[in-house]
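Below is one structure, written out as structure tokens, with a few remarks after it.
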There are 2 protein chains.
Amino acid sequence: MKHLPHKTIERLSQYRRALLLCHAKGMTHIYSHEIAKIQHITAVQVRRDIMLIGYTGTLRKGYNVKELIDLIGQIIDSVEGINVCVAGIGNLGRAITNYFSGKRTKLSIVAVFDVDKSKIGKKYHGIECYAIEEMARVIKDKKIEIGIITVPAEDAPAISEMMVKAKIKGILNYTPKPVNVPSEVYLEEYDMITSLEKVAFFVKTD
Amino acid sequence: MKHLPHKTIERLSQYRRALLLCHAKGMTHIYSHEIAKIQHITAVQVRRDIMLIGYTGTLRKGYNVKELIDLIGQIIDSVEGINVCVAGIGNLGRAITNYFSGKRTKLSIVAVFDVDKSKIGKKYHGIECYAIEEMARVIKDKKIEIGIITVPAEDAPAISEMMVKAKIKGILNYTPKPVNVPSEVYLEEYDMITSLEKVAFFVKTD
DNA sequence: TTAACAATGTGAAATAATTAACATTTTTCT
DNA sequence: AGAAAAATGTTAATTATTTCACATTGTTAA
Ligand SMILES: NC(=O)c1ccc[n+]([C@@H]2O[C@H](COP(=O)([O-])OP(=O)(O)OC[C@H]3O[C@@H](n4cnc5c(N)ncnc54)[C@H](O)[C@@H]3O)[C@@H](O)[C@H]2O)c1
Ligand SMILES: NC(=O)c1ccc[n+]([C@@H]2O[C@H](COP(=O)([O-])OP(=O)(O)OC[C@H]3O[C@@H](n4cnc5c(N)ncnc54)[C@H](O)[C@@H]3O)[C@@H](O)[C@H]2O)c1
């Protein structure tokens, strides 16, 4: 199992999400076609992804839910866990902090940053908000490895640069302003308008 | 220009976003490598995408910004414009409604829905919040073609079903619960945790 | 005027991702 | 016991996407 395709990584995350629900419901085993149904993909695709991570199920019984959850965890989680910070605790920043907190054991938002004086020192879902000037120090002190950017778009490049200087390893940028990072920093960007426009394109009739 | 790849559609949306900024700054022309730089992709990719939509730039001058913006509009926008609704006006629903409003001329959020009595009848960024029971009627009356789902995850399937019954054409589901729709409804799903886990995977060292 | 340059446009090659096809194996049914 | 059914695992084929390589062509400058 050397190089997992990017798409496989994404799907593994989704499989685990689904499997955790199944496990909570008391299911011990699951078939590839059941996972496939949930994820709107083919059973072959599921089996291929699972093959790639070197797991094998039981014929006629399918995959052991718990085992598969644990193995996916071994693949995509890091042993120690990874600390995350959010820059810009506005509408989206708060929504994300709220949503993420406690969802995954190996990923924790441990700091949020803002420029707004009225926000600094406050807690958001139990997480302290620091002044943006303190970012370098806090990232170092708290061993933060991933930064989520939810500041106003025009400030995104400056924030990204600060994160890079603070030796962050990965950035998830939710602003519509693409940022530049050196190649050793992993960058993921997502704009909801692109998703909406994609839906609009496939829906339109003219 | 028959079948544009999905990836090309996404990038066209991103190119336009960048081009609109360039246009606002007064730039009249742009080179493929400049667009590429902004989007972190190769110039060939940009040229290929532009080729696919049948536009040609000027040698040594690059592409006419205004013309390209308009052509991308012809490709991804519908002439009449498309109306959109949001179900669940909580943290994420409000953030999205706020973010989208006025961003694109051909895409308008024209209604939001919720079950919370205290929210029904209120306006969010000028958009009226209706009771979820009224969804079918409002979707028909306001000619809504796309629905964005931001209700609690466990309610997502029910909301999706209501939208499908109301003859919506496309759904953008932001809950971590995959929903099932008939093949004639275009479905796009996105979970922020998957994105974060992807970053975590590429960042981890063990 | 002409050579060097810097851009676009594109067929062909390479790479990435998905799907088909089917061998294999366990279970169930007769 | 043997046949049929239903699952996994995997090679090979196919499809989708990206990149290479280079022909073409305005522009600039010697
Ligand atoms: N709201 C959404 O659904 C949504 C969706 C996609 C993208 N976005 C993008 O996310 C970003 C944030 O959106 P929002 O709706 O939360 O905006 P917002 O205005 O509510 O929040 C921005 C926050 O960033 C803080 N801030 C400003 N400058 C800062 C700086 N230099 N350093 C640190 N913090 C700073 C502000 O004080 C504020 O708290 C925007 O770029 C927006 O385009 C939002
Ligand atoms: N907050 C985020 O950043 C984020 C990110 C990704 C996904 N999500 C998902 O988006 C969804 C909403 O998240 P949130 O943070 O906005 O939650 P929230 O609780 O703030 O908002 C949910 C809203 O939906 C309403 N609602 C509940 N049942 C409803 C129904 N049957 N019909 C219509 N409206 C209903 C509630 O009244 C509330 O206003 C959740 O599924 C969450 O998992 C949130």
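Per chain, numbering begins at 1; letters A, B, ... match sequence-line order. Computed from a prediction, not measured in an experiment: that's the story for all the values here.
For the residue pair B:D191 and A:Y99, a side-chain donor N or O sits within less than 3.5 Å of a side-chain acceptor on the partner.
Neither OP1 nor OP2 of C:dT8 sits under 4.0 Å from any side-chain N or O of B:T56. Contact annotation: A:Y63 reaches the phosphate of D:dG9 (side-chain N/O to OP1 or OP2, under 4.0 Å).
Rounding to whole angstrom units, NE2 of residue B:H29 and C1' of D:dG26 are separated by 13 Å. Between the NE2 atom of A:H6 and the P atom of C:dT15 there is a distance of 16 Å, rounded to whole Å. Per the geometry, NZ belonging to B:K61 stands 18 Å off C1' belonging to C:dC5, to the nearest Å. Rounding to whole angstrom units, CG of residue B:L59 and P of C:dT10 are separated by 12 Å. Following rounding to the nearest Å, A:Y31 (OH) and D:dA6 (P) show an atom-to-atom distance of 11 Å. The distance from atom CE of B:M51 to atom P of C:dA12 is 12 Å, rounded to the nearest whole Å. One can place NE2 of A:H40 at 18 Å from C1' of C:dT18, the figure rounded to the nearest angstrom. Spacing between atom NE2 of A:H33 and atom P of C:dT19 amounts to 18 Å, rounded to whole angstrom units.
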>> Assess the residue pair B:H125 and B:F100 against the criterion (ring pair (Phe, Tyr, Trp, His ring centres under 6.0 Å)); give the C-alpha distance rounded to whole Å, side-chain angles, the decisive distance to 0.1 Å, and a yes or no.
In response: CA-CA 10 Å; B:H125 289 275; B:F100 282 3; over 10 Å; no
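Between A:E197 and B:R16 there is a salt bridge, since a side-chain N of the basic residue sits under 4.0 Å from a carboxylate O of the acidic one.
Remark: A:I35 CD1 to A:Q14 CD distance equals 12.0 Å, nearest 0.5 Å. The CD1 atom of A:I41 sits 5.5 Å away from atom CZ of A:R11, with the distance rounded to the nearest 0.5 Å. Atom NZ of residue B:K103 and atom CE of residue A:M192 lie 11.5 Å apart, to the nearest 0.5 angstrom.
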For nucleotides 18-22 of chain D, tabulate all protein N/O to nucleotide N/O atom pairs closer than 3.5 Å, reporting atom names and distance.
{"residue": "D:dT18", "atom": "OP1", "partner": "B:R11", "partner atom": "NH1", "Å": "3.1"}
{"residue": "D:dT18", "atom": "OP2", "partner": "B:R11", "partner atom": "NH1", "Å": "3.0"}
{"residue": "D:dT18", "atom": "OP2", "partner": "B:R11", "partner atom": "NH2", "Å": "2.8"}
{"residue": "D:dT18", "atom": "OP2", "partner": "B:Q45", "partner atom": "NE2", "Å": "3.3"}
{"residue": "D:dT19", "atom": "O4", "partner": "B:R48", "partner atom": "NE", "Å": "3.4"}
{"residue": "D:dT19", "atom": "O4", "partner": "B:R48", "partner atom": "NH2", "Å": "3.1"}

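In this structure, B:K169 contributes its side chain and A:V199 its backbone to no donor-acceptor pair below 3.5 Å.
Between A:I41 and B:R60, the residue anchored nearer the 5' end of DNA chain C, judged by the nucleotide with its closest heavy atom, is B:R60.
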